[in-house]
Amino acid sequence: MTSTTSPPALDAVAVVESIADLVCENYVFPDAARQLAALIRRRSAEGSYRTESAEELAEAVTADLRSVNGDLHLALKYHAVPVPPDQGAAVLATMRRDFDASLGGVPRVELLDGGVAVLEIGPKMFPLDWAAQPLAAALSLVAPLRRCPPVALVATGAGPIALARRQAAVADLSADCWGGR
């Protein structure tokens, strides 16, 4: 017997609204997140995402998500075979194991000759509500060195855009603490 039902129609507006909410809630750069959400909502309202193909929708939304700051980590992925509902829980559990195995995302704190503290952050960036306490503990270890100790932050597993932004943030911190010296 063959089925006479057709797959449900693609609700691109609902998909885009969901993606905009997820970006606002989860993207690491809040200002960029607001820009991205506004962009894809505006493009949706303009009809830019009118398509019957989920794959085409994913490609169009991905292009727009990457257009603001070039972050190649941002993507709407299309899966021909539906992702099982419990897969998100499995990914989260794996991330939690990585977090626990890396001492909360700060697997190394070291004091080098000359008073430079090295904080290794990795193997990836974890959710802030998980990582805040371990990061604060690591920073509290180096805080007594001086008013603003020289700190080398080593971020492992970071992409080029994230790494460049972190390097700029460290340079800004250094300038604030040491007058650029």
Side-chain angles (χ1 to χ4, degrees), residues 1-107 121-136 153 155-169 172:
M1 181 173 175
T2 59
S3 172
T4 58
T5 60
S6 59
L10 177 64
D11 186 352
V13 173
V15 170
V16 169
E17 191 58 36
S18 174
I19 297 303
D21 289 343
L22 287 168
V23 168
C24 282
E25 292 168 13
N26 297 292
Y27 192 51
V28 67
F29 303 109
D31 291 339
R34 286 187 290 276
Q35 282 182 287
L36 290 165
L39 170 67
I40 64 173
R41 283 179 173 131
R42 186 186 80 242
R43 301 260 300 137
S44 179
E46 294 169 350
S48 299
Y49 302 133
R50 282 194 195 118
T51 180
E52 294 300 315
S53 163
E55 193 168 14
E56 288 175 11
L57 175 64
E59 289 172 7
V61 171
T62 295
D64 284 342
L65 288 172
R66 293 176 175 174
S67 71
V68 170
N69 62 358
D71 188 342
L72 298 179
H73 295 97
L74 289 171
L76 175 57
K77 298 204 177 208
Y78 165 75
H79 298 275
V81 177
V83 176
D86 60 348
Q87 185 169 340
V91 169
L92 193 60
T94 299
M95 185 186 296
R96 187 64 199 208
R97 282 191 299 276
D98 291 345
F99 175 78
D100 293 340
S102 67
L103 299 175
V106 188
I121 301 171
K124 59 186 91 166
M125 299 303 289
F126 295 101
L128 186 57
D129 59 330
W130 294 3
Q133 185 179 8
L135 287 170
L153 296 174
T156 57
I161 292 173
L163 188 55
R165 288 197 172 120
R166 289 185 195 125
Q167 289 170 337
D172 291 346

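If you're wondering where the values come from, they're calculated on a predicted model, not measured in any experiment.
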- Message: Pair Ile121, Leu135 - check side chain to side chain contact (heavy atoms under 4.5 Å, CB included), show working.
- Response: CA-CA 9 Å; Ile121 301 171; Leu135 287 170; 4.2 Å; yes
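Shown here for Leu76 and Ala58, the closest heavy-atom pair between the two residues is O-CB, 3.2 Å.
Thr51 is linked by a side chain to side chain donor-acceptor pair (under 3.5 Å) to Glu56, counting only residues two or more places apart in sequence or in another chain. Shown here are the salt bridge (charged side-chain N to carboxylate O under 4.0 Å, His left out) partners of Arg34, two or more places apart in sequence or in another chain: Asp31. With sequence neighbours excluded, the residues that form a side-chain contact (heavy atoms from CB on, under 4.5 Å) with Asp11 are Val13, Ala14. A search for side chain to side chain donor-acceptor pair (under 3.5 Å) contacts involving Ser48 returns Arg43, not counting sequence neighbours. Applying the salt bridge (charged side-chain N to carboxylate O under 4.0 Å, His left out) criterion to Glu46, with sequence neighbours excluded, gives Arg42. Checked against side-chain contact (heavy atoms from CB on, under 4.5 Å), Ala38 has no partners two or more places apart in sequence or in another chain. For Ala60, the side-chain contact (heavy atoms from CB on, under 4.5 Å) partners at least two apart in sequence or on another chain are Tyr49. Under the rule for a side chain to side chain donor-acceptor pair (under 3.5 Å), the partners of Glu17 that lie at least two apart in sequence or sit in another chain are Arg41. Residues passing the salt bridge (charged side-chain N to carboxylate O under 4.0 Å, His left out) test with Glu55: none are found, sequence neighbours excluded. When the side-chain contact (heavy atoms from CB on, under 4.5 Å) test is applied to Val68, the partners found at least two apart in sequence or on another chain are Gln35, Leu36, Leu39.
Taking OH of Tyr27 as the reference point, atom CG of Leu65 lies at 9.5 Å (rounded to 0.5 Å). Separation of atoms CG (Asp64) and CD1 (Ile19) is listed at 12.5 Å; rounding is to 0.5 Å. For the atom pair CZ (Arg50) and CG (Leu57), the distance works out to 13.0 Å, reported to the nearest 0.5 Å.
In this structure, Val61 and Val15 have side chains that are not in contact, with every pair of non-hydrogen atoms separated by 4.5 Å or more. Using a 4.5 Å heavy-atom threshold, the side chains of Phe126 and Pro134 count as separate.
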Name each donor-acceptor pair under 3.5 Å that joins a side chain in residues 93-101 to protein atoms two or more places apart or in another chain, with its distance.
residue, atom, partner, partner atom, Å
Thr94, OG1, Ala90, O, 3.1
Thr94, OG1, Arg97, NH2, 3.1
Arg96, NE, Asp100, OD1, 3.4
Asp98, OD2, Lys124, NZ, 2.9

